[in-house]
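Below you'll find the structure, written out as structure tokens, and then a few comments.
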Amino acid sequence: MEILVASAIGILTAAGMYLVLRLRTFPVILGVSLLTYAVNVFLFASGRLTVAAPPILTDATRYTDPLPQALVLTAIVISFGMTAVVVMISLGAYLGTDDDHVDEMPDPDAAQEDAT
Amino acid sequence: MSLFLIVALPFLGALLPGLMNQAGRAACAGVTFTVTLAAFIGLMTNLPAVTAGDTVMMQVDWIPALGINLTLMLDALGFFFATLILGIGLLIIAYARFYLAREDNMGEFFTYLLLFQGAMVGIVLSDNILLLLVFWELTSLSSFLLIGYWKHLPEGRQGARMALAVTGMGGLALIGGLLILGQIAGSYDLSVILQNRELIQQSDLYLPALILILIGCFTKSAQFPFHFWLPHAMAAPTPVSAYLHSATMVKAGIFLMARLWPVLSGTPEWFVLVTGAGLITLVLGAVIALFKHDLKALLAFSTVSHLGLITMLLGTGTAFGAMAAVFHIMNHATFKAALFMSAGIIDHETHTRDIRRLGGLRHLMPITFTIATLAALSMAGIPLLNGFLSKEMMLEEATKTVLFDTPWLVPGFAVFGSLFSAAYCFRLIGHTFLGAKRDDYPAAPHDPPKGLWLPPAILVVLVVVIGVAPFLAEPAVKGITAAVLGGTTELPYAHIKIWHGLVPALYMSIAAVVGGLIVLAMFNPLLRMWDAAPRPEAKTIFDAMVAACVSLSEVLIHPLHNGAFSRYGAVMGVSVVLAGVYAWMTGTIAAPDHAVQVAGLIEIAGFAMLVAAALGMVLLHHNRLLSLILIGIVGLMVSVGFVFFSAPDLAMTQITVEVVTTILMLLALNFLPNQTPIESTVLRRTRDVSVALVAGVAAAALSFHFLLRDPVAAPISEFHLANSYKGGGGTNMVNVILVDFRGFDTFGEIIVLGIAALLIYALTEALLGGPVRARLLNRKPDKRLAGDMHPMMMVVLTRVVMPVIMMVAFFVFLRGHNEPGGGFIAGLIASIGLVMQYMASGYSWATARQRYPHHGVIGAGVLVAGLTGIGSWFVGKPFLTSDFTYVRIPPFEKFELATAALFDLGVFLAVVGAVMLSLDGFSRLARRAHFKDSDHPMDINPERLADEELKGQGA
């Protein structure tokens with residue numbers, strides 16, 4: 001099971017990293033989202049993997065570590081806010097310049113051609 | 001008055017002039033004057049204690065573990081400097097009121113001035129040297145604002161930058177020096193450091209500490225080779241020059257040298273460095289000053305020269321030298337501030353500061369003439385004025401000082417410097433006021449209003465009084481000197497007198513004055529020689545050095561960060577991995593603590609789906625809609641994983657966030673192109689794949705490593721486990737952590753979430769208010785619109801489901817404390833219910849039925865959470881302490897009431913508001929893009945058709 005989770009984190013990181021290095025905004029945003037999953041799962045896993053022992057107080061003697069869960073829970077919600085801001089910024093940039101490249105500034109000649 | 005209040009008053013008062021700006025110039029200046037006067041009076045209330053030889057101390061612990069405490073102390077030296085700062089400050093404020101032109105923003109000016117004043121008072125009253133450093137940096141910053149106050153002048157901006165660069169750099173050196181000093185002494189409190197002379201001077205680190213501290217002092221006090229910034233700072237308004245560059249800021253370095261005199265002075269290194277730099281500065285400044293035509297530049301270089309004189313005196317390390325230095329600080333502050341203000345008056349009335357265009361002003365401006373002449377004669381060292389007394393003491397000290405085993409070196413240069421000093425003073429008087437009256441002044445000169453000449457006149461009265469009756473100043477000078485000496489050396493027995501008899505110093509003084517007159521007589525040939533002589537221009541050298549630094553950093557940075565996000569991301573990823581590999585190679589690796597748990601078929605299937613979706617995204621990301629669906633699968637599998645690994649709260653949060661994120665992305669994709677074109681080269685893609693693989697392998701290896709090992713320290717969750725029910729009153733530990741144990745974190749997080757949503761709102765407003773609006777209105781949708789935009793089935797279904805969803809949200813909210821659920825999840829569920837109404841019936845219809853604005857909901861949430869936290873103050877508990885009790889109202893079962901639930905309500909509201917406001921922004925863009933959507937809940941509405949038919953018939 002540890003192998004599965006560790007390799008899932010690795011694959012999410014690799015896929016996210018590859019998409020982050022793309023040239024257009026949309027894949028970059030998706031890449032950042034994948035990295036967010038990877039980081040959240042990583043943080044969650046720092047409480048080690050425990051099956052069938054939720055951190056709800058019962059008569060049980062064994063519980064999983066609740067602290068990473070609490071941290072990740074807020075991280076998930078905050079990452080929504082972050083994604084929304086980044087999406088809005090990239091959308092504004094695209095609507096303003098008709099170009100959704102991440103890096104280069106739009107070529108002024110090309111922009112003129114688009115406008116005409 | 002409390003020392004804290006004296007330091008705090010200018011800072012608090014700095015708010016007022018800015019606020020009073022609308023109330024007029026007099027109100028602005030008046031409030032500034034009052035604040036300074038209050039601080040001054042507060043300072044004076046400590047006079048009895050200081051004259052009795054006591055040191056007033058105050059302490060508030062701040063970070064005791066690091067030795068950083070707010071400790072202030074006031075002894076005679078600090079009192080003297082604070083009096084200079086606040087007293088001359090009062091005069092400057094009165095003067096600036098009349099000096100600044102109508103179009104200058106007076107509130108801004110006085111705010112900067114008060115900030116500066118507070119920082120200066122802070123320096124001289126600090127006991128803790130780390131606190132002193134903070135104030136030291138504050139003076140650099142606030143003086144930057146003051147020097148660059150006339151933002152329209154390029155010289156002002158450049159001068160301010162140069163001053164900030166030089167003094168800021170010196171400040172960095174000073175930080176290093178003082179930290180070393182504190183390490184040697186074992187304390188950061190001056191009162192302790194000053195007791196440890198032997199320990200510090202015998203330390204191996206004495207020399208580095210000394211050099212670093214001296215760099216700090218020399219840059220601040222414009223000592224050679226850092227003297228060049230001060231003349232360029234003259235682009236500031238004259239009140240600033242008079243205040244900063246005569247009486248206060250440049251004296252900060254001198255102050256620190258005097259303050260640390262007991263522990264640093266007396267060694268050969270100190271003597272050579274300080275006396276040497278002082279002597280060079282003294283001569284260099286005096287010579288350059290003679291040939292400057294701008295009145296303020298002349299005064300600036302003369303200040304440099306006089307600061308050199310004081311530095312030289314401190315460098316000798318004798319008690320008499322220290323006494324002469326203290327006395328000259330006092331005298332220099334009086335006559336130099338008066339001279340700067342006079343230069344300002346001349347500039348103000350004649351519209352020029354160029355000496356070559358002036359002359360013969362004694363009849364036109366008799367008052368200014370009297371003030372400036374007395375001050376200048378004092379500076380030249382003419383008897384019966386205070387400058388004479390301290391200059392005599394300096395010369396006497398010089399005759400006893402032997403540098404590099406050459407007895408004539410110091411006295412010779414001292415006389416040479418004094419000679420030029422006398423010469424430029426005579427030139428200032430002669431070429432400005434004496435001579436024939438001219439008829440080509442740029443403006444008709446006349447004496448200024450009382451407000452401008454009164455402040456320098458008060459100073460000149462002091463110049464004369466001390467000069468004629470030096471015994472009046474003697475007790476003060478001796479008291480301050482005793483504070484400088486700090487008990488290490490006996491106070492000198494000598495008295496301050498006008499007539500000492502026929503001592504060498506008298507002959508040297510006469511030689512300087514006579515020589516000065518001769519030099520002035522030969523001024524024109526000397527000037528021609530000076531102009532012809534090649535000499536290095538400090539500003540050019542400085543600019544070249546700055547340019548060299550800039551290009552060096554470009555060479556270093558550009559390969560790593562050229563503005564391209566992808567390059568930056570790749571560099572970042574690889575360096576993180578490299579750092580991790582380094583840690584791995586150098587650290588110790590323990591054996592695994594437990595074996596790998598066996599995975600069943602279902603787990604493997606879930607893992608396979610996650611991997612397939614992630615890889616599919618990489619391969620198919622050119623199709624954006626498809627990749628959005630794939631990332632949904634990833635999110636779903638992650639949620640399932642959370643359920644499996646005992647994290648029901650996380651799973652619920654993840655899956656609800658997944659829904660709103662997908663809706664948000666779909667809204668964005670509405671505008672963005674649907675395809676990502678293939679642009680990158682094979683080489684580039686190979687690079688990216690390699691970087692990604694390196695990052696992925698590293699993340700997997702790290703995770704696998706720690707998953708098989710137990711934590712190195714006992715997890716703090718033991719505490720949560722033990723106290724969750726007992727202290728927090730809940731059995732869901734995750735929720736109790738969120739709303740109770742770490743409630744302050746959660747409070748911060750809902751605020752962040754709210755700010756993010758407001759940011760989106762602001763961006764939307766900016767976009768809709770700009771050129772994008774027209775573009776949106778003209779935009780043609782790139783896909784065919786749905787024929788039935790608001791399908792009846794969906795409308796009906798969402799209406800029916802809405803109460804159910806709200807009920808579920810309420811249920812999830814209530815059970816949160818004991819079972820999986822809580823404010824975050826309930827908020828997300830409720831938002832999904834609301835968003836569904838928007839999706840089904842359109843933006844206009846849904847917005848018309850919205851009772852509360854989303855901003856308000858966010859605010860209410862933060863407010864509810866905050867007030868719940870504050871509530872615990874009323875029962876004397878810290879912020880956000882929770883309480884709970886069990887109540888029983890028949891016929892219900894016993895249930896729990898907890899303040900944490902109220903806090904969770906705040907979380908709920910903030911989440912609902914933030915999610916709705918974010919999505920609202922995107923929807924409003926979409927609404928502009930196509931046609932105005934309908935105000936009706938659905939497109940097909942039999943009732944409406946009937947209405948319109950009726951209307952048609954009626955018409």
Side-chain angles (χ1 to χ4, degrees), chain A residues 1-15 17-21 23-24 26-27 30 33 37-38 41-42 44-45 48-57 63-67 69-70 72-74 76-78 80-81 83-85 87-88 91-92 94-96 100 102-103, chain B residues 564-566 569-570 573 596-597 599 607 610-611 614 617-618 621 624 627 631 638 645-650 653-654 657 661 664 668 671-672 676 679 688 692-693 695-697 699-700 703-704 707-708 715 717 720 724-725 731-734 737-738 749 752-753 756 759-760 763 767 772 824 918:
Chain A
M1 214 116 69
E2 279 79 3
I3 301 175
L4 292 188
V5 171
S7 48
I9 292 173
I11 287 164
L12 285 175
T13 310
M17 197 69 199
Y18 180 77
L19 289 178
V20 160
L21 297 177
L23 297 175
R24 303 283 183 143
F26 196 73
L30 290 185
S33 300
Y37 287 127
V41 174
F42 178 85
F44 167 71
R48 307 304 186 272
L49 303 178
T50 320
V51 180
I56 313 290
L57 290 174
Y63 298 104
T64 185
D65 192 341
L67 191 63
Q69 294 195 14
V72 171
L73 197 151
T74 48
I76 294 172
V77 181
I78 291 279
F80 163 75
T83 311
V85 170
V87 170
M88 184 46 104
L91 192 59
Y94 174 70
L95 291 174
D100 65 342
V102 179
D103 288 341
Chain B
F565 179 72
S566 50
V596 175
Q597 302 176 49
F607 168 78
L610 180 107
V611 172
M617 280 185 68
V618 168
H621 76 269
R624 293 182 170 183
S627 53
I631 202 170
V638 170
F645 292 115
S646 325
D649 287 275
L650 283 192
T653 316
Q654 183 73 63
V657 163
T661 311
L664 178 121
F671 299 99
L672 292 169
T676 306
E679 290 172 315
D688 294 349
L693 284 179
V697 169
S703 320
F704 186 66
L707 277 175
L708 288 185
S717 313
H720 298 137
S724 180
Y725 187 72
T731 53
N732 180 1
M733 286 189 271
V734 175
I737 290 175
L738 282 176
E749 277 168 274
V752 170
L753 197 63
L759 180 59
I760 290 173
L763 284 170
L767 283 176
V772 171
F824 276 111
S918 314

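Every chain is numbered from 1, with letters handed out A, B, ... down the list of sequences. A quick note: this is a predicted structure, and the numbers were derived from the prediction, not measured.
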Next on the checklist: Does any backbone or side-chain atom of A:Leu30 lie under 4.5 Å from a heavy atom of chain B? Answer side chain, backbone, both or neither.
Outcome noted: both
Checklist outcome for this item: Shortest non-hydrogen pair, B:Ala695 vs A:Thr13, comes out as O-CG2, 4.0 Å
Checklist entry - Got a donor-acceptor contact below 3.5 angstrom from the A:Glu2 side chain to the B:Gln597 backbone? => result yes
Checklist entry - For the residue pair B:His621 and A:Tyr18, does the interplanar ring angle fall in the parallel (under 30°), tilted (30 to 60°) or perpendicular (over 60°) class? => result perpendicular
Next on the checklist: Between A:Ala52 and chain B, with a heavy-atom cut-off of 4.5 Å, which part of the residue counts as in contact: side chain, backbone, both or neither?
Outcome noted: backbone
Checklist entry - Short question: side chain of B:Glu749, backbone of A:Val77 - any donor-acceptor pair under 3.5 Å? => result no
Next on the checklist: So for A:Pro55, is it side chain, backbone, both, or neither that comes closer than 4.5 Å to the heavy atoms of chain B?
Outcome noted: both
Next on the checklist: Is A:Tyr37 close to chain B through its backbone or its side chain, or both, or neither, when contacts mean heavy atoms under 4.5 Å?
Outcome noted: side chain
Checklist entry - Under a 4.5 Å cut-off applied to non-hydrogen side-chain atoms, are B:Ile631 and A:Ser33 in contact? => result yes
Checklist entry - Among A:Val5, A:Leu67, A:Val41, A:Val20, which has the most heavy-atom pairs under 4.5 Å with chain B? => result A:Leu67
Checklist entry - Between the main-chain N or O of A:Ala6 and the side-chain N or O of B:Ser703, is there a donor-acceptor pair closer than 3.5 Å? => result no
Next on the checklist: Below 4.5 Å, heavy-atom pairs only: which of A:Gly81, A:Ala84, A:Gly92, A:Ala15 has the largest tally toward chain B?
Outcome noted: A:Ala84
Next on the checklist: Do B:Met733 and A:Gln69 make a side-chain contact, defined as non-hydrogen atoms from C-beta onward lying under 4.5 Å apart?
Outcome noted: no
Checklist entry - Which is it for B:Phe645 and A:Thr50 under the side-chain contact (heavy atoms from CB on, under 4.5 Å) test, yes or no, and what are the steps along the way? => result CA-CA 6 Å; B:Phe645 292 115; A:Thr50 320; over 6 Å; no
Next on the checklist: Can you tell me which portion of A:Leu19 sits under 4.5 Å from chain B's heavy atoms? Options are side chain, backbone, both or neither.
Outcome noted: side chain
Checklist entry - Can you name the closest pair of heavy atoms from B:Ala699 and A:Gly10 and give their distance? => result CB-CA, 4.4 Å
Next on the checklist: Is there a side-chain contact (heavy atoms from CB on, under 4.5 Å) between A:Tyr94 and B:Leu672? Walk through the geometry before answering.
Outcome noted: CA-CA 7 Å; A:Tyr94 174 70; B:Leu672 292 169; 3.7 Å; yes
